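Note that the structure is predicted; figures quoted are calculated from it, not measured.
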There are 2 protein chains.
Amino acid sequence: MATIKDIAQAAGVSLATVSRVINDGPKVGAKTRERVKTIMKELGYRPNANARALVTQRSASLGVVIAELHDPFFATLAHGVETVTRKQNVQILLSAGSIARETELKAIETLLEHRVEAMVVHSKTLDDDTLIAFANQIPGFVLINRYIPAIANRCVWLDNVTGGRLMAEYAIRQGHEHLALISSHYQIDDPAQRLEGIRLATSNAGLTLPDSMIEYATPDQEGGELAMQNLLATGTHFTALLAYNDAMAAGAMAVMQDHGIDVPEQVSIIGYDDVLLAKYCRPKLTTLRYPIEMMAAKAAELALKYASGTAPEEGLTFKYTPTIVKRDSVARL
Amino acid sequence: MATIKDIAQAAGVSLATVSRVINDGPKVGAKTRERVKTIMKELGYRPNANARALVTQRSASLGVVIAELHDPFFATLAHGVETVTRKQNVQILLSAGSIARETELKAIETLLEHRVEAMVVHSKTLDDDTLIAFANQIPGFVLINRYIPAIANRCVWLDNVTGGRLMAEYAIRQGHEHLALISSHYQIDDPAQRLEGIRLATSNAGLTLPDSMIEYATPDQEGGELAMQNLLATGTHFTALLAYNDAMAAGAMAVMQDHGIDVPEQVSIIGYDDVLLAKYCRPKLTTLRYPIEMMAAKAAELALKYASGTAPEEGLTFKYTPTIVKRDSVARL
DNA sequence: TTGTACGCGTTATCAG
DNA sequence: CTGATAACGCGTACAA
């Protein structure tokens, strides 16, 4: 591939001049500029981003680390980031598949080796200290879907306690007194926080959510099916089912329908996330809107801003609150 | 960030030695190696991928260009690529949002500037010649979901004509004689090829698919809804609906159900792609399986292989054929 | 307005 | 086993 040197030779000018026309440098003769430009076209010249990054110490790139592209939630997250990087001509380096501590760590380090200026990280397996260390080392380091007080201004996160409370309160307001929950068995914050919110709501209403009414499984369709089957097998009685996310809700809904249980006539269901799926399934899922795309865009903007030198304001954080989206999967008793 | 030089100084050795321990170079004293290693840890040293790429002329990175991460189809595609890059320790540079010719071209060029070794490109707006030129310039350039004879061995694609034929034949075999089609209004190959296959099947069966039974819209849920509404508005009669993809099928299904039309009792529906959605919607969608993840993985492997010097075999190509997945959205008449 | 020369962080080729 | 040193492609003071 042609280099700046080749161009200089072909055009009979020096490297510096070529470099100047590439970067719209200030003082170059109009005709020289034209000549160089045409030669660049002819030779199909493309500036080498690596070399440029080396000398300028900036790479115009942003790293994204997520768990699984396959998951609509993460795909939407990535999409949110992409909307802002595209606008700012920033290249995305993507690292997915980080379900384990090892891989997550490695993903961040690889991105670091590539000297990305900014980073939007979704991490559930790394401990606070590790993340704080990264944040202190990398100005453009922003966490999404996680809150760590020590680096509050680097966190874009969702208030899951309120989310849990809202979904339970809504069910209760619709007259439901017997709730069940299918949750994620992953040992991360989210399920615990949502449960905390749910318990807040039930105890406020003088109700309880016994452990026997909670089933844990993988936070996907299969998990939802499994959890639902377990719930049915125990023969417990409930009129409203709260799900950890829409996928689990959909899985549970499918199992109920297979068992001849009418949704929402016999059992109401509330999901969480409001991914595409919620609108597709029948009945349409009442769920909590998790504005992940917007949040991801915010995170990307923030990361890029911090990376370019703007100091994060102390004490500031970026908390989002989910809102209930009423569709057709909840009946009023 | 610490450089190799800092390490060398701190360890009291030369750059060369440090470089050797980094790359597990052949001859380094055991104790020197240890000392250098601990110093690297202490200083949090990370090799600079840009510098390395510059001197080695290889970047261990692969570019992906797709239209829209937001779309489950593309998310799955990206996921397929990711499974192989991760295994081979290759970094992904992602470029999405390329719906227009301009952006698609720019995406490829940016990736080129970053000197990615390999490239998996999903392009529908760029013409054959442009793509061929890129393929000739970049050894690791592979197209996915597109077939260009001149660079057949760089193409991983789906036989859409057969796909169209299969879906129509299946409907016909189930006793349907009155078919309708909702398709994508984008002027790309796929819709035309599928229609060709469908027409093949109908004429073989002595049936016809008049233009009045075809509606075009955007290839997503909204488009499916719109197309279905248009179809209903014209008052045409049909017992089986073929859809361009699962999203359109789901949209159409929703509209029918809202109109009190039973699926599949009154109208059968067949989708295309077999994305997650097909399993979630009710009734579960009978559809054509598009093994995009597998194909994407293949494309990535190919791109990486070609990039590393293996010459592509002439006359070889990578054609995949969709298969029908029978679920619950088709009734036998 | 244009050219020279140095350095960015690495690897690799020589010598020692 | 180890150390100079020349690239890699580019940006930029400093000269001219």
Practice item. Using side chain to side chain contact (heavy atoms under 4.5 Å, CB included) as the criterion, list what pairs up with A:Pro47, not counting sequence neighbours. Key: A:Tyr45, A:Arg52, B:Glu113
Give every donor-acceptor pair under 3.5 Å between a side-chain atom in residues 5-13 of chain B and any protein atom, sequence neighbours left out.
{"unit_1": "B:Asp6", "atom_1": "OD2", "unit_2": "B:Thr3", "atom_2": "N", "d": "2.8"}

Review point. Hey, what bend do you get for the helix from C:dT1-D:dA16 to C:dG16-D:dC1 if you fit axes on five pairs at each end, rounded to 10°?
Key: 40°
Check your understanding: In whole angstrom, what separates A:Arg35's CZ from C:dT1's C1'?
Key -> 13 Å
Review point. Are B:Arg101 and B:Asp127 ion-paired here, with the side-chain N under 4.0 Å from a carboxylate O?
Key: yes
Practice item. Identify, with sequence neighbours excluded, every residue that meets salt bridge (charged side-chain N to carboxylate O under 4.0 Å, His left out) alongside A:Arg58. Key: A:Glu117
Exercise for review: Could you tell me which residues satisfy side-chain hydrogen bond (donor to acceptor under 3.5 Å, both in side chains) with A:Glu293, sequence neighbours excluded, listed by chain and number?
Suggested key: A:His79
Exercise for review: Report the residues that fulfil salt bridge (charged side-chain N to carboxylate O under 4.0 Å, His left out) with B:Glu104, sequence neighbours left out, ordered by chain and then residue number.
Suggested key: none
Practice item. Hey, could you give me each pair passing ring pair (Phe, Tyr, Trp, His ring centres under 6.0 Å) that has a residue in residues 295-319 of chain A? Not counting sequence neighbours. Key: none
**Study point:** Contacts of A:Arg146 that satisfy side-chain hydrogen bond (donor to acceptor under 3.5 Å, both in side chains) - sequence neighbours left out
**Key:** A:Asp128
Study note, to complete from the structure: The contact string for nucleotides 2-11 of chain C, one letter per nucleotide 5' to 3', using protein heavy atoms under 4.0 Å with B, S and - for base, sugar-phosphate only and none, comes out as BBB--BBBBB
Point to revise | Rounded interatomic separation in angstrom, taking CD1 from A:Ile7 and P from D:dG11 | key: 12 Å
